Amino acid sequence: METIITRFPPSPTGYLHVGGARTALFNWLYARQNHGKFVLRIEDTDTVRSTQASVDAIFDAMRWLELDWDEGPYFQTQRFDIYRTYLQKLLDSGDAYYCTCSPEDVEAMRQKAMATGAKPKYDGRCRERGLPPSPNAVIRFKSPLSGTTVVEDVIKGNIVFQNREQDDFVICRSDGTPTYNFVVVVDDITMGINTIIRGDDHVMNTPKQILLYKALKAPLPVFGHVPMVLGKDKARLSKRHGAMSVTAYRDMGFLPDAFLNYLARLGWSHGDQEFFTRQELIEKFSLKNIGRSPGVFDVDKLTALNADHIRATPVGQLAPRVLPFMRQKGYDAADDAYLVGVIGTLHARSKTLVEMADGAHFYYREDVRPYDEKAARKFLKPAVAPVLTMLAEALEALPDLAEKTQEAAFKQVMEKAGLGFGKIAQPVRVALTGTSVSPGIFEMIAVLGKARVLARLKAAGEYIQSLEST
RNA sequence: GGUCCCAUCGUCUAGCGGUUCAGGACGCCGGCCUCUCACGCCGGUAACACGGGUUCGAAUCCCGUUGGGAUCACCA
């Protein structure tokens with residue numbers, strides 16, 4: 001069987017956006033599943049809009065998503081000589097010709113056509129003139145005047161185009177640089193790309209490209225056009241929908257596998273399954289299960305899926321991923337046993353890594369004061385001071401802080417104070433964390449360790465005393 | 001406007017002529033669990049755009065309407 005070779009060809013005119021990431025993912029999955037090759041190609045022929053910063057941003061995003069490529073990155077700007085060769089082939093075979101009509105002339109043709117209600121296109125006036133190369137001439141492709149070109153789309157099915165709708169499009173500008181539809185075809189032919197999965201916005205280019213493949217006598221690749229990703233208002237995703245850049249999702253605390261899982265499920269399905277590991281995606285992905293209608297990007301669902309992935313990830317593996325967020329908050333955290341313990345108490349209650357870092361505040365602050373005002377007022381009342389003291393003593397006497405051991409200590413205090421656990425837990429929680437929301441008391445104490453716990457209980461006692469004296 | 005594509009709960013979707021007065025997930029609303037918050041569990045809300053056909057039978061096939069999207073460059 002032929003080796004599957006797919007590609008992802010972003011143009012470096014901005015960051016990698018959500019839609020682009022999804023087509024990259026689909027191509028990557030398909031290549032990986034078939035033990036084929038995934039090629040990265042930078043389409044930078046628009047020298048005005050292309051920037052190195054964008055190239056870097058794209059690599060950065062691909063690396064974060066861990067979508068590795070087997071070949072490339074190729075840069076189109078370094079391949080002009082190849083394009084030149086293929087241009088000459090078309091000229092030689094008579095499938096292309098020089099045209100000296102100025103942009104203004106062509107524009108006039110469009111206006112005229114529009115006026116008569118016809119489709120705006122170049123009228124082919126230089127088609128049979130056999131013009132020689134000249135400084136201001138462009139090269140146009142000699143498109144068939146009749147017949148049909150059918151795109152056999154693996155996602156959408158057959159799409160038929162009338163050749164008469166096509167005009168003789170420019171394949172080489174007057175400045176000598178080749179245009180998009182031409183370079184893409186040459187690249188895909190020379191790179192051996194046999195499977196092209198790309199966005200819906202390219203369907204109209206496909207008949208042009210197929211014509212080029214035929215003129216170049218090259219075998220056609222398999223085409224598949226995936227529907228667009230839309231924003232909440234059902235309009236194409238754009239800046240006004242907020243985060244479009246893939247790396248923005250990294251910064252919001254999403255896991256790459258969760259992001260990929262979400263992207264895959266947006267437009268593709270495998271029965272009712274929602275959660276997929278990266279490996280499952282590779283195994284179960286299939287072109288035939290890609291839907292034909294556009295989908296709306298939903299952060300809430302991404303977030304829910306992210307929570308599932310966080311929970312499914314062993315705490316040890318989560319540590320290096322949360323660390324940057326901890327540091328960003330100024331916590332002196334390290335990838336150590338303490339952090340693993342911290343994550344253990346937080347990972348079932350965090351939907352994102354940012355939330356996890358937020359929830360870890362009390363683990364990395366020596367003093368949790370000032371207390372949350374409402375929490376302190378409600379729970380750190382005079383009556384609880386002796387209870388906190390008793391608890392501190394009981395805890396101090398313990399040989400270790402295993403949850404079982406702690407339970408006995410708490411039971412002892414509960415009996416002495418004549419209070420239920422519920423009455424003791426909240427004050428302790430405030431004393432330990434400064435707030436009324438946190439992981440479970442026992443697990444928290446086990447992670448914090450005796451020294452921090454005793455100090456905080458003592459501090460809370462002092463706080464209550466200071467209230468009484470005023 | 002021309003050309004092309006699309007159309008199941010608010011959203012992502014399952015469904016590929018009958019076993020579905022349509023299943024799952026997110027969201028939302030109840031409840032349970034419970035030391036708070038979560039997790040988890042249970043239950044509820046909510047859809048086949050419309051109109052014609054074809055067929056014994058249609059969410060599933062065909063046509064039309066409507067609605068959305070894409071594209072019409074010497075951008076990619």
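The structure presented is a predicted model; accordingly, all values stated were derived computationally and were not measured. Here is how names work: the chains are called A, B, and so on, in the same order as the sequence lines, proteins then strands, and each is numbered from 1.
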Original post:
Quick one: CD1 on A:Ile441 to CD on A:Glu403, what's the gap to the nearest 0.5 Å?
Top reply: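 One finds 11.0 Å between CD1 of A:Ile441 and CD of A:Glu403.
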Original post:
Atom OH of A:Tyr83 and atom OG1 of A:Thr177: how far apart are they, to the nearest 0.5 Å?
Top reply: 11.5 Å
**OP:** Tell me whether the guanidinium CZ or amine NZ of A:Arg429 lies under 6.0 angstrom from the six-membered ring centre of A:Phe379 and within 45° of its axis.
**Re:** no
**OP:** Examine the base of B:C35 for any acceptor or donor lying under 3.5 Å from a partner atom in the side chain of A:Arg429, and report the outcome as yes or no.
**Re:**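 Present.
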Original post:
Does the base of B:C12 carry an N or O that pairs as donor and acceptor with the side chain of A:Lys301 under 3.5 Å?
Top reply: yes
OP1 or OP2 of [N] less than 4.0 angstrom from a side-chain nitrogen or oxygen of [X], does that happen here?
X        : N     : answer
A:Thr45  : B:A76 : yes
A:Arg311 : B:G40 : yes
A:Lys288 : B:C16 : no
A:Ser269 : B:A14 : yes

Please enumerate all protein N or O atoms sitting under 3.5 Å from an N or O of nucleotides 62-67 of chain B, with distances to 0.1 Å.
none

Subject >> Member of A:Arg127, A:Lys208, A:Lys142, A:Arg140 meeting the salt bridge (charged side-chain N to carboxylate O under 4.0 Å, His left out) criterion with A:Asp168 >> reply: A:Arg127
Original post:
In Watson-Crick or G-U wobble terms, both distances under 3.5 Å, what is the partner of B:C28?
Top reply: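 Across all strands, the one nucleotide that pairs with B:C28 is B:G44.
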Subject >> Complementary nucleotide for B:A7 - Watson-Crick or wobble, under 3.5 Å >> reply: B:U66
Original post:
What's the closest nucleotide to the A:Ile159 side chain, out of B:C4, B:C26, B:C74?
Top reply: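 The answer is B:C4.
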**OP:** Side chain of A:Phe161 only, please: which of B:U11, B:C4, B:G23 is the nearest?
**Re:** B:C4
Subject >> Euclidean distance for P, B:G64 against B:C6 (whole angstrom) >> reply: 14 Å
Original post:
Expressed in whole Å, how much space separates the C1' atoms belonging to B:G30 and B:G69?
Top reply: 39 Å
Subject >> Check: A:Phe325 ring centroid to A:Tyr364 ring centroid under 6.0 Å >> reply: no
Original post:
Taking it one step at a time, do A:Tyr262 and A:Phe254 satisfy ring-ring contact (aromatic ring centres under 6.0 Å, His included)?
Top reply: CA-CA 11 Å; A:Tyr262 176 71; A:Phe254 289 99; 9.1 Å; no
